[in-house]
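For reference, the structure discussed in these notes is given below.
Chain letters run A, B, ... following the sequence lines, proteins first and then strands; every chain starts at 1.
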2 protein chains.
Amino acid sequence: MIVRSIEGESVMASRRPAGREDSVQTGRRLTPEARERQIVEGAVAYFAEVGLDGHTRELARRLGITQPLLFRYFPTKASLIERIYEEVYLRRWDPGWEATVRDTALPCLERFRRFEIDYQRRIDDYAWLRIFVSAGLKGFDLPSRYLGMVRARIFAPLLAGMRAESNLPDPEAQPLAADEFELLFGIHGALVYVGLRSRVYGMDGTADRDAVRAAMLDAALPGLLATHRRVVMAAPAAAGP
Amino acid sequence: MIVRSIEGESVMASRRPAGREDSVQTGRRLTPEARERQIVEGAVAYFAEVGLDGHTRELARRLGITQPLLFRYFPTKASLIERIYEEVYLRRWDPGWEATVRDTALPCLERFRRFEIDYQRRIDDYAWLRIFVSAGLKGFDLPSRYLGMVRARIFAPLLAGMRAESNLPDPEAQPLAADEFELLFGIHGALVYVGLRSRVYGMDGTADRDAVRAAMLDAALPGLLATHRRVVMAAPAAAGP
DNA sequence: CCTTCTATTGAGCGAACGATCAATAAGGGC
DNA sequence: GCCCTTATTGATCGTTCGCTCAATAGAAGG
């Protein structure tokens, strides 16, 4: 109430004062598209902060609207969260990543480096990381499906390229082993952990996380091909019991 | 109700049939110590599964007791969660870790390896990992304080030992730089990520995570000392603006 | 066997949850 | 300037939350 009346002090704003769409215009009678977009963006920020158990009333309060209005745009809270998944994860997946890791003009390690630098910059984001782990905690399959995409669309082609560069059997002849994926997931995890420490664990660590990750790649990549060769050649006992 | 009456079928158990304390005896009239212990252990398992927003009624139902009984042993839900922190994190901290990383009879890399093998085995636990990230999401300072302990009590002495082994300046003369800690946090994060993928993200990945982590250490440790030397010598510009 | 102590329960409080619906008011077309 | 459409609100439903308290029941001591 009080909040709304305070906003109402700018009464002569009825004809949209200055900014037309940029200043979110928390006032009334937005177009359905603008309102829906405002709700989605606010929901991303809100649920990232407080977790997916956040309350619709508090979300509405932060948006400067009433709670029933949320249910005009999303029939249930679950449907709003589903929309958040699309917004934060599916829409932010860059098909260029899949092209990069298949770019035969580059050495495999350089493809991996470029993918990770760009990928980590994308996901080292308050909402991305926090909603990701929050969804995992609630048992939703989004995190496992998403990491399955990384594994299948990014790491598998990378490993295939590394096999080729090292004159090792093609994945068609000898399937990619779990140990090979773990090699990439290890480096990947070290990079993700930099963001987790800051965004989830609340450590006020290094300011320039990009530089930290670049240094980690510099330390980890040089030995990767040799280790990969060792893993592939020492373990054709892939087909377990 | 139904559940309780089913349990009640073992009526002649009034004189405590066989197991005295081991079989949890979800029935009635436990000693306060036994009941409190049962509640804490059940709360750890329950809140690990559903997150710290779990409900006291559901916890009580799983324990086979009524909800008001919880509040006889813990005045508020928050106090119960505080007790969980003590139980899972403070009580599971092994002082031997601090001794291991200071054991001058071992090379630094071997100290680091032994610490990580043992530490990761301890924390790769459903409750440990999930409550840790759940606490981080809720903004509690437990994760940052805990990682601060790892940094100060484990990584700092390790880095001091690495400085000594490489004939580099003592931390007293040249303070440990953030980049040096990041070196260790990088490997550490890669190992933690193995558990997170399984326990939080729900990936049904590798069965033998211990072996995966051992392989990661084998890949990462050999180059660590050289990288550390490079970091220390190339960056005496520690005191930034 | 009866009394005493207290672990445990059943009933219930106020508040807040997700969700619903009729009433209201803002803006565009005429 | 009026009307009509509909974005938005106020009031409210049934449920469930953390939490309280008087009543109940199970074990121990005499």
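Remark: C1' of D/dG18 and CG of B/Leu69 are 15 Å apart, rounded to the nearest angstrom. When rounded to the nearest whole Å, the span between CG of A/Leu30 and P of C/dA25 equals 18 Å. Here the C1' atom of nucleotide D/dA7 and the CD atom of A/Gln67 are 16 Å apart, to the nearest Å. The CZ-C1' distance, from A/Phe74 to C/dT20, rounds to 18 Å in whole Å. Separating the CZ atom of A/Arg57 from the P atom of D/dC17 is a distance of 16 Å, rounded to the nearest angstrom. Here the C1' atom of nucleotide C/dA7 and the CD atom of B/Glu33 are 12 Å apart, to the nearest Å. Spacing between atom CG of B/Leu63 and atom P of C/dT9 amounts to 11 Å, rounded to whole angstrom units. Rounded to a whole Å, the NZ atom of A/Lys77 is 10 Å from the P atom of C/dC17.
At C/dA7, one or more side-chain N or O atoms of B/Arg72 fall inside 4.0 Å of OP1 or OP2 (strictly under the cut-off). OP1 or OP2 of C/dG18 lies within a sub-4.0 Å distance of a side-chain N or O belonging to A/Thr56. For A/Tyr73 and D/dT8, the shortest distance from a side-chain N or O to OP1 or OP2 is below 4.0 Å. Remark: A/Arg35 is in phosphate contact with D/dT8, judged by side-chain N or O atoms under 4.0 Å from OP1 or OP2.
Judged purely by atom type and a 3.5 angstrom limit, A/Arg57 has no side-chain atom pairing as donor or acceptor with the backbone of A/Gln67. No donor-acceptor pair closer than 3.5 Å links the side chain of B/Glu58 to the backbone N or O of B/His55.
Counting heavy atoms from C-beta outward, A/Phe74 and A/Glu82 have side chains that stay 4.5 Å or more apart.
Taking every side-chain heavy atom of B/Ile65 into account, C/dT9 is the closest of D/dT9, C/dT9, D/dG18. Of the candidate nucleotides D/dT6, D/dG26, D/dG10, D/dT6 has the atom nearest to the side chain of A/Arg29. Picking from C/dT20, D/dT12, D/dC19 the nucleotide with the shortest atom distance to the side chain of A/Phe71 gives C/dT20.
The 5' end of DNA chain C is approached more closely, in terms of each residue's nearest nucleotide, by B/Pro32 than by the other of A/Asp53 and B/Pro32. Toward the 5' end of DNA chain C, the nearer of the two residues A/His55 and A/Pro68, judged by each one's closest nucleotide, is A/His55.
Tested against A/Asp118 for a side chain to side chain contact (heavy atoms under 4.5 Å, CB included), the candidates A/Glu116, A/Arg122, A/Gln120 yield a single pass: A/Arg122. Across B/Gln38, B/Glu33, B/Arg37, a single residue satisfies side chain to side chain contact (heavy atoms under 4.5 Å, CB included) together with B/Arg35, and that is B/Gln38.
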